[in-house]
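Single-structure report; data block below.
Each residue takes its place number in the sequence, starting with 1. Side chains are part of it too, since the values below use all heavy atoms of this structure and drop only hydrogens, waters and symmetry mates.
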Amino acid sequence: MGFKSNQSEAFQNGLKPEGVYECIITAIEERTTKKGSVGLNFTLVIRNDVQGQKYGNSCLFHTIWKKHEPNENDMQVEGYNFAQLMAMGKAAKLPDGKEYESLKAYCNDLLGRCVLATLEHEAYNGKEQERITWMNPTKYPECKHKFKSSAPKADSFATKQTGFATPKTNTQADSAIGSLEDFEDVLTDDGVPF
């Protein structure tokens with residue numbers, strides 16, 4: 001079966017257009033940059049069940065940074081920006097006043113929740129990149145998103161830095177490109193591997 005090209009569907013510079021996107025929080029990982037900044041990286045998948053919304057199944061990323069001078073509230077969430085974490089919870093419609101035993105428990109409660117993310121472009125180190133500027137409650141609370149692989153698991157909050165790629169076992173197909181045994185993750189200042 002053939003197809004007809006449609007260049008209006010192409011990403012501009014690899015960036016999704018600015019705008020609002022209905023998303024699902026699918027992963028939260030703690031990462032450290034080369035310069036030592038620590039952040040909670042949120043992976044948001046653009047929902048494929050919202051009629052008229054493009055880029056379904058694509059990912060957006062958002063980071064909440066650990067503060068250099070945390071206040072008393074920030075210390076409750078291991079030094080992360082308490083106000084930003086509460087704004088994320090409000091957007092995800094977590095119950096107000098609920099008590100959590102740890103940041104991990106709070107993050108696990110966020111997983112699988114729908115939010116409305118506002119995406120803008122900004123220049124950083126001379127390059128245009130995507131940045132989520134606002135999180136709001138979803139306009140479509142009944143989620144019928146179909147995941148490509150599996151839905152987020154209740155305990156998929158990662159408390160330590162994990163790599164972007166892991167070495168595979170050397171199969172016949174892999175042998176054509178050589179061994180991946182010596183592969184090493186390289187992170188940029190903002191924690192992105194490119």
Side-chain angles (χ1 to χ4, degrees), residues 1 3-4 6-31 39-65 73-74 76-78 80-122 128-159 162 164 191-192:
M1 181 172 162
F3 67 92
K4 180 180 177 181
N6 182 354
Q7 295 181 358
S8 68
E9 293 290 322
F11 289 139
Q12 178 183 5
N13 298 328
L15 302 176
K16 289 170 264 329
E18 292 183 325
V20 292
Y21 293 90
E22 290 283 350
C23 300
I24 303 170
I25 301 169
T26 58
I28 305 169
E29 298 176 308
E30 187 175 68
R31 298 267 172 99
L40 282 179
N41 288 351
F42 290 77
T43 302
L44 310 172
V45 172
I46 298 174
R47 291 172 53 182
N48 58 22
D49 65 327
V50 177
Q51 192 170 11
Q53 176 170 261
K54 293 185 178 184
Y55 309 103
N57 298 319
S58 295
C59 291
L60 298 176
F61 302 96
H62 179 63
T63 302
I64 295 178
W65 296 102
N73 281 339
D74 300 329
Q76 295 178 69
V77 289
E78 300 178 22
Y80 288 99
N81 189 312
F82 184 82
Q84 289 181 347
L85 281 166
M86 294 306 106
M88 180 70 80
K90 184 176 182 179
K93 296 185 179 179
L94 293 182
D96 193 23
K98 181 175 178 180
E99 296 206 17
Y100 292 93
E101 63 186 50
S102 65
L103 175 61
K104 181 178 180 177
Y106 184 77
C107 289
N108 281 330
D109 210 7
L110 287 169
L111 289 170
R113 300 283 185 142
C114 296
V115 294
L116 183 65
T118 301
L119 179 72
E120 294 181 2
H121 297 164
E122 72 174 8
E128 196 78 7
Q129 67 180 20
E130 297 175 342
R131 180 169 181 257
I132 294 177
T133 55
W134 294 100
M135 293 284 191
N136 290 298
T138 180
K139 292 181 180 177
Y140 301 93
E142 190 175 321
C143 183
K144 295 181 181 175
H145 178 86
K146 299 218 183 314
F147 287 92
K148 281 185 166 183
S149 53
S150 63
K153 294 179 177 62
D155 196 26
S156 59
F157 169 66
T159 55
T162 55
F164 289 93
V192 179

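- Proximity of Y55 to P17: side-chain heavy atoms (C-beta onward) are separated by under 4.5 Å at one or more points.
- The distance from atom CZ of F42 to atom CG of L60, rounded to the nearest 0.5 Å, is 13.5 Å.
- The residues E122 and R131 are annotated as salt-bridged, a charged nitrogen and a carboxylate oxygen being separated by less than 4.0 angstrom.
- Using a 4.0 Å cut-off between a side-chain N of Lys or Arg and a carboxylate O of Asp or Glu, K98 and D109 qualify as a salt bridge.
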K146 and D49: side chain to side chain contact (heavy atoms under 4.5 Å, CB included), yes or no, with the steps?
CA-CA 7 Å; K146 299 218 183 314; D49 65 327; over 6 Å; no
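- One distance of note links NE2 of H62 with CE of M135; it measures 5.0 Å at 0.5 Å rounding.
- N41 places no side-chain N or O within 3.5 Å of a backbone atom of E29 that could act as its donor or acceptor partner.
- Side-chain contact between F147 and T26 is present, with heavy atoms from C-beta onward closer than 4.5 Å.
- Side-chain atoms of R47 come within 3.5 Å of backbone atoms of Y140 as a donor-acceptor pair (strictly under, hydrogens ignored).
- Y80 and E30 share a donor-acceptor pair across their side chains, judged by distance under 3.5 Å alone.
- With a 4.5 Å cut-off on side-chain heavy atoms, I25 and M88 count as touching.
- Shown here for A117 and L44, the closest heavy-atom pair between the two residues is CB-CD1, 4.2 Å.
- Interatomic distance, CG of L110 versus NZ of K93, reported as 14.5 Å (0.5 Å rounding).
- Salt bridge K139/E22: absent, no basic N to carboxylate O contact under 4.0 Å.
- The side-chain heavy atoms of I132 and T63, taken from C-beta on, include no pair separated by under 4.5 Å.
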Given the rule in the side chain to side chain contact (heavy atoms under 4.5 Å, CB included) test, do V45 and Y21 qualify, once you have shown the distances and angles that lead to the verdict?
CA-CA 9 Å; V45 172; Y21 293 90; over 6 Å; no
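- Between P137 and L116 there is no side-chain heavy-atom pair separated by less than 4.5 Å.
- Between V115 and W134, the closest side-chain pair of non-hydrogen atoms is not below 4.5 Å.
- How far CD of Q76 is from CG of L85: 11.0 Å, rounded to the nearest 0.5 Å.
- N108 contributes atom CG, which lies 8.0 Å from atom OG of S102 (distance to the nearest 0.5 angstrom).
- The shortest heavy-atom contact between C107 and I28 is O-CD1, 3.5 Å.
- In this structure, OH in Y106 is found 15.0 Å from CD in E101, a value given to the nearest 0.5 Å.
- Inspection of the H145 and N48 side chains reveals an N or O donor paired with an N or O acceptor under 3.5 Å.
- When atom types are taken as modelled, the side chain of E130 and the backbone of K16 share a donor-acceptor pair closer than 3.5 angstrom.
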Could you walk me through whether I24 and C143 satisfy the side chain to side chain contact (heavy atoms under 4.5 Å, CB included) test, starting with their C-alpha distance in whole Å, then the side-chain angles of each, then the deciding distance to 0.1 Å, before giving a yes or no?
CA-CA 9 Å; I24 303 170; C143 183; 3.7 Å; yes
